[in-house]
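Every heavy atom of this structure was used, including side-chain atoms; hydrogens, water molecules and symmetry mates were not.
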Amino acid sequence: MNTVRPLEEAKQVCPTTTRRLIQEGALLVDVREPNEVARLAFDVPAIVNIPLSALEQRWSELPKDRELVLVCEVGSRSLKATYYLQYQGFTQVSNMEGGIQKWVRKGFPVIGDANEALAVMERAPGGCCGESTPASGAQASACCDNTATRSSPRAASACCGGSTPAANPLASACCAPAMEAA
Amino acid sequence: MKEIKVLGTGCANCKNTLALIDQVAQATGVEVKLEKVEDLRSIMSYGVMSTPGVVIDGKVVHAGGVPSRDKVEQWLSA
């Protein structure tokens, strides 16, 4: 089975940078599950959906010679996916911090009713933490531990509820843990 | 001495896996160095998508779910 391959710190990009990268030819890789994509999808010209739960089987479908930006609901599952692709030898990969929730708050184009979808995300407490994948337990706690330890309860709930205006610095700090490191 | 790492971000199954390996090691008298790896980047550096993962002497021997006691005994006796 696998052996260790030390990984570089994952590159983190914001939704605005992501849009620019798409214009320059990048491919968006949405790792949310099909039911989430059906509810609300990114409206961009170059996107592929490979759920995190299927990434191990399907990563080879992705091009290694093209810039890839991994996206999900809040940027937690896509960070894991980014590292997984790095492990598989991809070098042109980034994680979009904040996920589709931040994308929507920026007013960027989506397919589906953004307001309704955000309301559903807020009602589902696990929505923040990627409850629908098999590895969910681990991931949920990773996400929640993260937010809990690094910011106030208010910021944590802003992250998980996605209800805060994009202008709130707490929210973006919360949803982009690696930004500080970058 | 075997170097054993349990990969997981803090879930209950990860803690149970760590405890199980510790138990079996004590019961069988095998000397092990047991370590928990919780950082996502470090976990992913083993290419493990499902946690808990178990790494023995640098090799991933298990990923996803708590391993059976039999399996742990096999690892330690190998």
Side-chain angles (χ1 to χ4, degrees), chain A residues 1-12 31 50-60 70 72 75-90 93 95 97 126 129-131 133-149 177-178 181-182, chain B residues 1-22 24 32-78:
Chain A
M1 274 175 103
N2 302 346
T3 52
V4 67
R5 290 179 206 161
L7 302 176
E8 302 269 310
E9 183 84 42
K11 253 187 288 173
Q12 301 268 3
V31 300
I50 300 184
L52 189 70
S53 57
L55 189 64
E56 258 179 311
Q57 291 80 48
R58 295 182 50 193
W59 64 266
S60 59
L70 282 288
C72 68
S76 167
R77 275 176 287 172
S78 54
L79 178 62
K80 188 172 175 181
T82 303
Y83 278 126
Y84 186 72
L85 293 183
Q86 285 179 222
Y87 182 85
Q88 297 298 352
F90 287 74
V93 285
N95 177 43
E97 41 91 3
C129 306
E131 82 287 0
T133 54
S136 64
Q139 192 150 14
S141 54
C143 167
C144 295
D145 286 353
N146 227 354
T147 51
T149 50
Chain B
M1 184 166 64
K2 288 184 195 301
E3 265 192 36
I4 304 183
K5 292 187 168 88
V6 175
L7 316 178
T9 46
C11 57
N13 277 345
C14 307
K15 287 175 191 149
N16 293 340
T17 301
L18 195 80
L20 176 67
I21 295 173
D22 192 36
V24 173
V32 295
K33 186 177 164 224
L34 203 52
E35 187 191 332
K36 200 161 181 305
V37 179
E38 298 194 340
D39 165 62
L40 180 66
R41 178 172 153 199
S42 307
I43 292 171
M44 295 313 296
S45 71
Y46 288 93
V48 166
M49 285 292 279
S50 315
T51 53
V54 179
V55 178
I56 300 184
D57 293 335
K59 284 214 168 110
V60 178
V61 296
H62 175 85
V66 180
S68 69
R69 194 180 183 92
D70 281 358
K71 218 170 166 185
V72 176
E73 283 171 356
Q74 273 175 28
W75 293 335
L76 296 190
S77 64

Handout entry: Side-chain (A/Asn2) to main-chain (B/Gly47) donor-acceptor, under 3.5 angstrom
Key = yes
Practice task
For A/Tyr87 and A/Arg5, indicate whether the former's side chain and the latter's backbone hold a donor-acceptor pair under 3.5 Å.
Solution key: no
Practice task
State which residues pass side-chain contact (heavy atoms from CB on, under 4.5 Å) with B/Ala19; sequence neighbours excluded, sorted by chain then number.
Solution key: none
Problem - Interface residues of residues 32-45 of chain B facing chain A - heavy atom cut-off under 4.5 Å - result: B/Leu40, B/Arg41, B/Met44, B/Ser45
Exercise for the section: Check for a donor-acceptor pair, side chain of A/Asn95 on one end and backbone N or O of A/Gly75 on the other, with a separation under 3.5 Å. Expected result: yes
Practice task
Please tell me if the side chains of A/Lys11 and A/Val93 come closer than 4.5 Å, counting only heavy atoms from C-beta onward.
Solution key: no
Completion exercise
Bottom line for A/Glu8: the part with an atom under 4.5 Å from chain B's heavy atoms is backbone
Practice task
Would you indicate whether the side-chain heavy atoms of B/Trp75 and B/Val54 approach each other to under 4.5 Å?
Solution key: yes
